[in-house]
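Here the structure is laid out as structure tokens; the discussion comes afterwards.
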Amino acid sequence: TMKGCNVNTYNLNITQGEPVSVEVGFMAQTGSWFSGNATAVTAGSNRPYLWSDATLQIPGATTQESVKNLSLSINNNFVGPHYVNGSRVIQVPYPLNLDITLTATQDIDSNSAGSLYDTYFKGGSTFNAILDINNTTNTGSARLLVTMSGYKLTEMEVPANVGGVSETTYTII
């Protein structure tokens, strides 16, 4: 049992043909081992989020149709102070700089890649992005909508000058 938790890191991974995976790192005030009787584990009845439930819109409302995988990483960079106060427990954690990074790999034609490259990578323009993961097969609310504003494209492979489709990877922060 963990008490007084704060999420420090959150990593979401979407890969073509696989379920969506999430890894969470946290900072907690206290933890204790449970020594009671074990309870029965039952399988869930909802299907997991899949890669096909997700869309990435860069910039704004422009859906990137051919993303093969992406990862979203959020790091609060929490500090858990242990003051000289006669106690071994941390005080209220506080965040340093918030880091949010999205990396995507997609098959893209040279015209679309060139537009992203010229305007947002070389040009340095900021933009908004939306990551929408919507599992419509489950009942109730089963949607994760991440709206990101003021993003910059910081890494991108040079798009091919010839026609056709090529694979490119880019990073936005």
Side-chain angles (χ1 to χ4, degrees), residues 5-28 46-80 92-138 140-173:
C5 293
N6 287 290
V7 173
N8 192 30
T9 59
Y10 178 90
N11 296 301
L12 180 133
N13 295 297
I14 302 172
T15 301
Q16 186 177 24
E18 296 182 14
V20 173
S21 67
V22 174
E23 180 182 319
V24 176
F26 62 90
M27 184 177 291
N46 289 337
R47 108 166 147 70
Y49 289 100
L50 300 175
W51 86 100
S52 56
D53 296 326
T55 58
L56 177 62
Q57 298 174 359
I58 299 175
T62 305
T63 299
Q64 299 298 315
E65 297 290 344
S66 56
V67 174
K68 298 186 332 183
N69 61 60
L70 67 84
S71 63
L72 173 66
S73 174
I74 302 171
N75 188 345
N76 286 312
N77 291 302
F78 274 125
V79 172
V92 176
Y94 58 90
L96 296 178
N97 292 333
L98 175 66
D99 295 323
I100 303 173
T101 305
L102 187 139
T103 302
T105 301
Q106 74 181 87
D107 290 333
I108 193 166
D109 65 49
S110 57
N111 289 336
S112 298
S115 175
L116 283 174
Y117 186 82
D118 290 340
T119 304
Y120 300 107
F121 181 64
K122 272 186 15 185
S125 296
T126 60
F127 57 92
N128 297 336
I130 297 171
L131 175 60
D132 186 359
I133 307 173
N134 190 9
N135 182 345
T136 59
T137 62
N138 294 337
S141 178
R143 184 175 212 166
L144 172 66
L145 187 62
V146 181
T147 303
M148 303 163 274
S149 62
Y151 265 65
K152 282 197 159 214
L153 210 152
T154 60
E155 294 177 29
M156 184 174 183
E157 298 166 357
V158 178
N161 290 330
V162 295
V165 174
S166 60
E167 181 180 273
T168 190
T169 299
Y170 51 86
T171 301
I172 61 174
I173 61 170

For this session: Could you walk me through whether Asn69 and Gln16 pass the side chain to side chain contact (heavy atoms under 4.5 Å, CB included) test, one step at a time?
Result: CA-CA 6 Å; Asn69 61 60; Gln16 186 177 24; 5.8 Å; no
For this session: Mark yes or no for whether Asn8, through its side chain, and Asn77, through its backbone, hold a donor-acceptor pair below 3.5 Å.
Result: yes
Problem set entry | Heavy-atom side-chain contact between Thr63 and Gln57 under 4.5 Å | yes
Problem set entry | Polar side-chain atom of Thr171 near backbone of Glu155 as donor-acceptor pair, under 3.5 Å | no
Exercise. Roughly how far, to the nearest 0.5 Å, is the CD atom of Glu23 from the CG atom of Asn13?
Worked result: 8.0 Å
For this session: Examine Tyr170 together with Phe121 and report whether their ring centres are nearer than 6.0 Å.
Result: no
Seminar exercise, completed: Nearest heavy-atom approach of Phe26 to Cys5 is CD1-SG, 3.8 Å
Problem set entry | Exercise: identify the closest heavy-atom pair between Gly150 and Asn128 | N-OD1, 3.5 Å
For this session: Determine the minimum heavy-atom distance between Pro95 and Phe78, stating which atoms define it.
Result: N-CD2, 3.4 Å
For this session: Evaluate the side-chain proximity of Ile173 to Asp99: yes if any heavy-atom separation is below 4.5 Å, no if none is.
Result: no
Problem set entry | Test item: Asn134 and Asp53 side chains (from C-beta on) under 4.5 Å apart, heavy atoms | no
Exercise. OH/Tyr94 to CG/Leu96 distance, rounded to the nearest 0.5 angstrom?
Worked result: 6.5 Å
For this session: Enter the distance from Ile100:CD1 to Tyr151:OH here, rounded to the nearest 0.5 Å.
Result: 4.5 Å
Exercise. Is a side-chain N or O of Lys152 found less than 3.5 angstrom from the main chain of Gly124, in a donor-acceptor match?
Worked result: yes
For this session: Evaluate the side chain to side chain contact (heavy atoms under 4.5 Å, CB included) criterion for residues Asn76 and Asn6: first the C-alpha distance (whole Å), next the side-chain angles of each, then the deciding distance (0.1 Å), finally the verdict.
Result: CA-CA 9 Å; Asn76 286 312; Asn6 287 290; over 6 Å; no
Exercise. Which value, rounded to the nearest 0.5 Å, describes the distance between Leu12 atom CG and Ser21 atom OG?
Worked result: 7.0 Å
For this session: Before giving the answer on side-chain hydrogen bond (donor to acceptor under 3.5 Å, both in side chains), spell out for Ser73 and Asn11 the whole-Å C-alpha distance, their side-chain angles and the decisive distance to 0.1 Å.
Result: CA-CA 5 Å; Ser73 174; Asn11 296 301; 2.9 Å; yes
For this session: Supply the atom-to-atom distance Asn75 CG to Tyr10 OH, rounded to the nearest 0.5 angstrom.
Result: 14.0 Å
Problem set entry | Worked check of side chain to side chain contact (heavy atoms under 4.5 Å, CB included) between Leu98 and Ile74 | CA-CA 7 Å; Leu98 175 66; Ile74 302 171; 4.0 Å; yes
Exercise. Going through the distances and angles, do Leu56 and Gln106 end up as a side chain to side chain contact (heavy atoms under 4.5 Å, CB included)?
Worked result: CA-CA 11 Å; Leu56 177 62; Gln106 74 181 87; 5.5 Å; no
Exercise. Of the non-hydrogen atoms in Gly17 and Trp51, which two are nearest, and what is the gap between them?
Worked result: N-CD2, 3.1 Å
Exercise. Any chance CZ of Phe127 has more than 12 other-residue heavy atoms, nucleotides or ligands included, within less than 6.0 Å?
Worked result: yes
For this session: To the nearest 0.5 Å, tell me how far Ile108 CD1 sits from Glu157 CD.
Result: 11.0 Å
For this session: Please check if the side chain of Asn135 supplies one atom and the backbone of Arg47 the other of a donor-acceptor pair under 3.5 Å.
Result: yes
Problem set entry | Thr105 and its side-chain hydrogen bond (donor to acceptor under 3.5 Å, both in side chains) partner, picked from Thr169, Thr15, Thr168 | Thr169
